[in-house]
Amino acid sequence: MKFLRKQIDKIKPKFEEGGKLHFLHSTFDAFETFLFVPNKVTKSGAHIRDAIDMKRTMTVVLIAVMPALLFGIYNTGLQHFMASGKNLEFWPMIGYGLMKVLPLLIVSYGVGLAIEFAFAQFRKHEVNEGYLVTGMLIPLIVPVDIPLWTLAIAVAFAVIIGKEVFGGTGMNILNPALTARAFLFFAYPSWMTGDKVWIGGMAKGMGVVDGFSGETVLGQAANGLNQFVNGFGQKLSNWDLFFGAIPGSVGETSTLAILIGAVILLISGIASWRIMFSVLLGGAVMGLLLNAFAVNPLMEIPWYQHFLIGGFAFGMVFMATDPVTGAQTNKGKYIYGFLIGFMAILIRVLNPAYPEGMMLAILLLNVFAPLIDHLVVQSNIKKRIKRAKIIKE
Amino acid sequence: MFKIRKGLDIRIKGKADEKLLGEISTYNFAVRPHDFQGINPKLKVKVGQNIKQGEIIFFDKYRELVKIPSPVSGFVKDIVRGEKRKILEIIIEKDENNPLKHEVNNLDFSDKEQITNFLSDTGLISLFIQRPYGIVANPEDRPRDIFINFFDSAPLAPNYDFILKDKKNEIQKALEFLSFLTEGKIYCSLKPNSILKDFIPNNEKIEINYFAGPHPSGLVGTHINKIKPINKGEIVWTLNAYDLPIIGNLLINGVLELERIIALTGSSLENTGYYKITACSNLESNNLKLKNNEKVRIISGNVLNGINISESPYFGFYENMISIIPEGDKYEFLGWALPGLKKFSNSGAFLSGLLKFGKYNLNTNINGGQRAYVVTGEYEKVCPLNIYPQLLLKAIITNDIDKMEQLGIYEVIEEDFALCEFVCSSKIDVQELIRQGLDEMRKEMA
């Protein structure tokens with residue numbers, strides 16, 4: 001690696017102040033620090049520092065998303081092969097999945113990172129690692145057949161309007177990945193809903209096996225079914241829902257794959273267990289309430305089944321736990337998480353026009369997170385003022 | 001007993017063996033005004049002038065009774081100045097032992113003016129730190145309470161049971177004197193089973209509390225927060241127990257002797273252990289046998305909030321230890337991606353954070369680049385104070401005076417936030433920010 005280091009040191013002056021390529025310094029810095037942890041030492045304060053940094057944090061999140069991504073690739077192939085009546089052979093299915101999912105990833109990263117680098121350059125910042133995660137999450141929460149140009153527009157919207165106008169990573173109010181999805185949901189609804197978009201090739205008029213339906217489980221629920229079925233009308237058990245070989249957005253179908261990610265995030269301490277736990281609790285409470293007063297099949301969906309269908313699990317593990325847009329205080333995190341779970345099920349069941357309640361609930365609570373924190377902090381401030389008054393009297 | 005749960009014991013190599021290895025003696029001394037917070041130094045000495053041990057070197061321009069004494073007798077060899085003629089070091093060359101002797105036998109402790117003058121003229125006041133703001137105390141004030149920590153929980157910190165074991169007399173004398181300085185109480189905070197509890201006299205003004213748990217269980221800021229937090233408008237004084245023998249000795253012999261037993265620690269040292277040393281001593285040729293030829297950082301104090309003295313190796317005025325660790329000015333290929341068995345982290349993102357054993361050879365590398373705040377909840381894991389650390393820091397960044405006050409800036413100083421700085425994944429210079437906030441606040445209240 002000494003050779004590589006030497007080469008980098010050789011070209012480095014060109015990117016520094018006064019160098020010919022100074023206008024690309026953020027880009028150079030991003031690649032240099034990617035290859036080598038810098039040799040910078042502490043100047044003030046603590047002389048030693050924890051080994052963790054933003055790159056490591058984001059890497060752990062990426063590793064946690066991997067199971068959902070891999071399953072998504074497999075499931076994309078599986079659903080396509082089922083719908084078109086081909087033999088379900090493993091490698092061809094993976095091949096098809098890769099063919100459909102990789103372009104989504106490339107567009108998401110290509111557009112997003114280009115904007116990030118441009119802004120970092122313009123603002124003379126280092127490039128922030130936040131988009132590495134966002135860029136991975138966006139392809140996982142869209143239907144696989146989404147046209148790439150709409151995805152590109154949504155990514156640009158999310159990064160520019162959702163993040164950079166607020167000051168970049170760490171300053172944004174709404175979760176950028178969900179901003180992208182909400183943009184698609186309201187701007188291009190025909191690509192985001194219905195029973196055709198969830199199976200690779202189906203929306204573009206691919207011939208399907210007679211009687212096959214590409215409707216998602218949530219779609220079935222919204223239409224008043226209370227026994228979920230797969231594309232051929234065969235019954236799905238709770239285990240089937242848990243493993244997730246069903247139509248849906250690319251990465252959100254397998255509760256199992258998502259749970260593996262959750263375990264990685266919780267062990268590493270990167271995501272807040274308070275938020276995950278309270279989202280689950282909020283969802284359960286709302287589910288139980290609806291069960292108790294059920295008057296239609298949608299309300300009769302058992303409370304625990306809500307966790308297996310739609311984007312609930314994915315949102316809980318990867319979206320609600322976003323530290324930038326969530327509540328900051330520990331008490332606030334309980335309230336924030338609880339309300340997300342509560343609202344997600346409420347929207348899902350009582351307003352079937354928006355079956356994806358999780359997305360709307362998280363975005364809604366993103367907006368309210370500062371208020372929740374404010375209330376929590378006020379109680380701390382009040383205590384301090386009260387203490388001071390008692391002493392004075 | 002207070003059990004501190006939030007905190008972190010950094011598992012760093014280089015702890016000092018509990019044996020007294022000798023004395024670090026030198027003829028070269030330097031007093032650094034930078035060691036004293038909240039003082040605008042006005043010199044009382046000139047280059048070439050002879051000075052006695054205990055004589056005043058400089059005082060605070062704005063609080064003239066706050067005076068700093070010389071640790072040795074000798075002559076002023078040089079006064080080193082930096083930008084804008086700021087005084088960096090007052091260098092003293094030691095000659096024969098000829099300390100200034102103060103009259104102590106006829107002192108009337110109940111006379112407020114006599115005590116104020118005694119604290120000021122002897123320079124004893126320099127050992128008392130005032131909160132809020134973490135500045136050298138003003139002898140004219142009478143604090144609400146005085147807090148003394150009888151142990152140190154910082155990484156590699158010395159064991160007070162060991163360094164104070166022969167000082168029972170002096171400690172008792174000092175504590176009796178202290179009880180005249182406040183209407184309130186003297187709070188002594190000990191670790192469980194400390195032998196020092198037998199050194200503390202029975203006095204209705206003195207209260208003993210025990211603290212257990214990881215660092216910062218031994219910081220006086222933690223003790224104040226748990227026992228009796230500081231409110232707006234109040235002043236408390238803090239004192240470190242290893243300074244009690246200095247006070248006791250002055251009261252018995254009339255001589256201010258700034259000599260302490262300290263721990264010489266750090267993974268770069270061949271032999272760690274305890275040494276006798278006078279404040280402000282030069283360390284150059286002394287006893288520092290380094291392990292190999294690596295570049296090291298010499299820190300006066302502990303690795304979390306000590307002062308880097310590699311350039312000009314004079315021991316600080318207040319410190320109880322010296323830490324010597326390797327500099328981390330090396331590049332590391334894909335360092336952020338390795339499993340991390342050799343790297344210490346409080347998070348589970350490295351294997352070391354999951355395996356809760358083993359000690360680490362830590363260096364001064366920042367381990368990453370500075371970013372905006374992204375992660376939340378990191379600081380809370382290591383901050384036992386009833387305070388929202390990240391929100392307080394954001395209030396300082398935005399210079400929101402009201403918010404700083406509401407969120408408890410009066411209750412903290414830099415060292416209380418040192419662990420937050422250590423664990424920060426955004427690599428924010430937390431302690432510097434806290435000092436900035438404290439200075440801003442003090443300016444506002446003046």
Side-chain angles (χ1 to χ4, degrees), chain A residues 1 4-5 8 29 33-57 59-60 125-126 128-130 167-171 266-270 272 274 323-324 326-330 333 373 376-377 380-381 383-385 387-389 391-392, chain B residues 10 12 229 231-232 234 297 299 303-306 308 325 327-337 340 343-350 354 362-369 371-377 380 386 388 390-391 406-408 418 421-427 429-432:
Chain A
M1 287 314 121
L4 189 59
R5 186 65 241 167
I8 290 176
D29 180 81
T33 57
F34 174 83
L35 285 172
F36 291 93
V37 170
N39 64 347
K40 277 191 203 143
V41 294
T42 52
K43 286 240 159 59
S44 69
H47 298 270
I48 54 172
R49 301 294 170 96
D50 198 293
I52 193 147
D53 69 342
M54 208 46 70
K55 282 192 178 59
R56 186 73 176 198
T57 309
T59 309
V60 172
H125 276 180
E126 289 185 41
N128 208 304
E129 291 81 1
T169 303
M171 318 286 185
L266 289 178
I267 288 181
S268 63
I270 300 282
S272 164
R274 290 181 176 86
V324 174
Q328 296 183 22
T329 55
N330 283 342
K333 281 173 181 163
D373 279 333
V376 171
V377 172
N380 179 277
I381 292 173
K383 256 184 232 161
R384 190 163 285 121
I385 293 172
R387 202 174 69 203
K389 270 189 189 148
I391 306 270
K392 285 214 177 87
Chain B
I10 298 168
I12 180 172
N231 298 298
K232 189 184 177 180
E234 291 176 342
R297 178 173 296 191
I299 300 160
V303 290
L304 284 179
N305 59 345
N308 180 358
I325 56 172
E327 282 284 3
D329 53 350
K330 294 183 194 80
Y331 287 98
E332 192 187 3
F333 182 66
L334 292 179
W336 52 275
K343 296 186 163 191
F344 180 76
S345 175
N346 191 36
S347 79
F350 291 82
L354 299 173
L362 301 180
N363 62 36
T364 61
N365 195 295
I366 298 179
N367 298 324
R371 297 286 183 271
Y373 275 125
V374 169
V375 178
T376 61
E380 278 81 353
N386 184 18
Y388 290 104
Q390 206 164 4
L391 291 166
Q406 290 170 350
L407 292 170
E421 184 169 70
F422 175 79
V423 299
C424 186
S425 60
S426 291
K427 308 294 175 188
D429 289 325
V430 173
Q431 295 189 79
E432 203 176 283

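Since we're looking at a predicted model, the values are computed, not measured. All chains are named by letter (A, B, ...) in the order of the sequence lines, taking the proteins before the strands, and each is independently numbered beginning at 1.
When every heavy atom of B/Lys343 is checked against every heavy atom of A/Ala51, the shortest pair comes out as CB-CB, 3.6 Å. Here the closest heavy-atom approach between residue A/Arg384 and residue B/Gly408 is recorded as NH1-N, 3.5 Å. Here the closest non-hydrogen pair linking A/Val41 and B/Gly328 is CG1-C, 3.6 Å.
At a 4.5 Å heavy-atom cutoff, the contact between B/Glu432 and chain A is made by side-chain atoms alone. Contact of B/Leu407 with chain A is made through backbone and side chain together, with heavy-atom distances under 4.5 Å. Residue A/Ile270 touches chain B through its side chain alone, counting heavy-atom pairs closer than 4.5 Å. In this structure, chain A has a heavy atom under 4.5 Å from the backbone of B/Asn363, while its side chain stays farther away. Heavy-atom distances place both the backbone and the side chain of A/Thr169 under 4.5 Å from chain B. At a 4.5 Å heavy-atom cutoff, the contact between A/Thr42 and chain B is made by backbone and side-chain atoms alike. When heavy atoms are compared at a cutoff of 4.5 Å, B/Glu421 approaches chain A by way of both its backbone and its side chain. Both the backbone and the side chain of A/Val324 come within contact range of chain B, judged by heavy atoms closer than 4.5 Å. Heavy atoms closer than 4.5 Å to chain A are found in both the backbone and the side chain of B/Ile366. Heavy-atom distances place the backbone of B/Tyr373, and not its side chain, under 4.5 Å from chain A.
Of the possible donor and acceptor atoms, none in the side chain of B/Arg371 sits under 3.5 Å from a partner among the backbone N and O of A/Met54. Using a distance-only test at 3.5 Å, with no hydrogens or angles considered, no donor-acceptor pair links the side chain of A/His47 to the main chain of B/Ile299. Side-chain atoms of A/Arg49 do not come within 3.5 Å of backbone N or O of B/Phe422 as any donor-acceptor pair. Between the A/Gln328 side chain and the B/Thr376 main chain, no donor and acceptor come within less than 3.5 Å of each other.
Heavy-atom pairs under 4.5 Å with chain A were tallied for B/Val303, B/Asn308, B/Asn305; the largest tally goes to B/Val303. Ranked by heavy-atom pairs shorter than 4.5 Å toward chain B, the options A/Ile381, A/Leu266, A/Thr329, A/Thr57 are led by A/Ile381. When A/Val60, A/Ile267, A/Thr59, A/Asn380 are compared by the number of non-hydrogen pairs under 4.5 Å with chain B, A/Asn380 comes out ahead. Per-residue heavy-atom pair counts under 4.5 Å with chain A were compared for B/Ala418, B/Gly369, B/Cys424, B/Ser347, and the maximum is reached by B/Ser347. Most heavy-atom pairs under 4.5 Å with chain A, from the set B/Ala372, B/Ser425, B/Gly368: that is B/Ser425. For the set B/Glu327, B/Gln431, B/Glu380, B/Gln406, the count of heavy-atom pairs under 4.5 angstrom toward chain A peaks at B/Gln406.
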Query raised in the report: Could you go step by step and tell me if A/Val376 and B/Tyr388 meet the side chain to side chain contact (heavy atoms under 4.5 Å, CB included) rule?
Result: CA-CA 10 Å; A/Val376 171; B/Tyr388 290 104; 3.2 Å; yes
Query raised in the report: Between B/Val423 and A/Ile52, is a side chain to side chain contact (heavy atoms under 4.5 Å, CB included) present by the stated rule, with each step listed?
Result: CA-CA 8 Å; B/Val423 299; A/Ile52 193 147; over 6 Å; no
Requested in this report: Verify side chain to side chain contact (heavy atoms under 4.5 Å, CB included) between B/Asn231 and A/Ile385, making sure each step is shown before the conclusion.
Outcome: CA-CA 8 Å; B/Asn231 298 298; A/Ile385 293 172; over 6 Å; no
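A/Lys40 has its side chain out of reach of B/Asn365: every pair of non-hydrogen atoms, C-beta onward, lies at least 4.5 Å apart.
A donor-acceptor pair shorter than 3.5 Å can be found between the side chains of B/Ser345 and A/Asp50.
Note: B/Leu362 CG to A/Ile48 CD1 = 5.0 Å, rounded to the nearest 0.5 Å.
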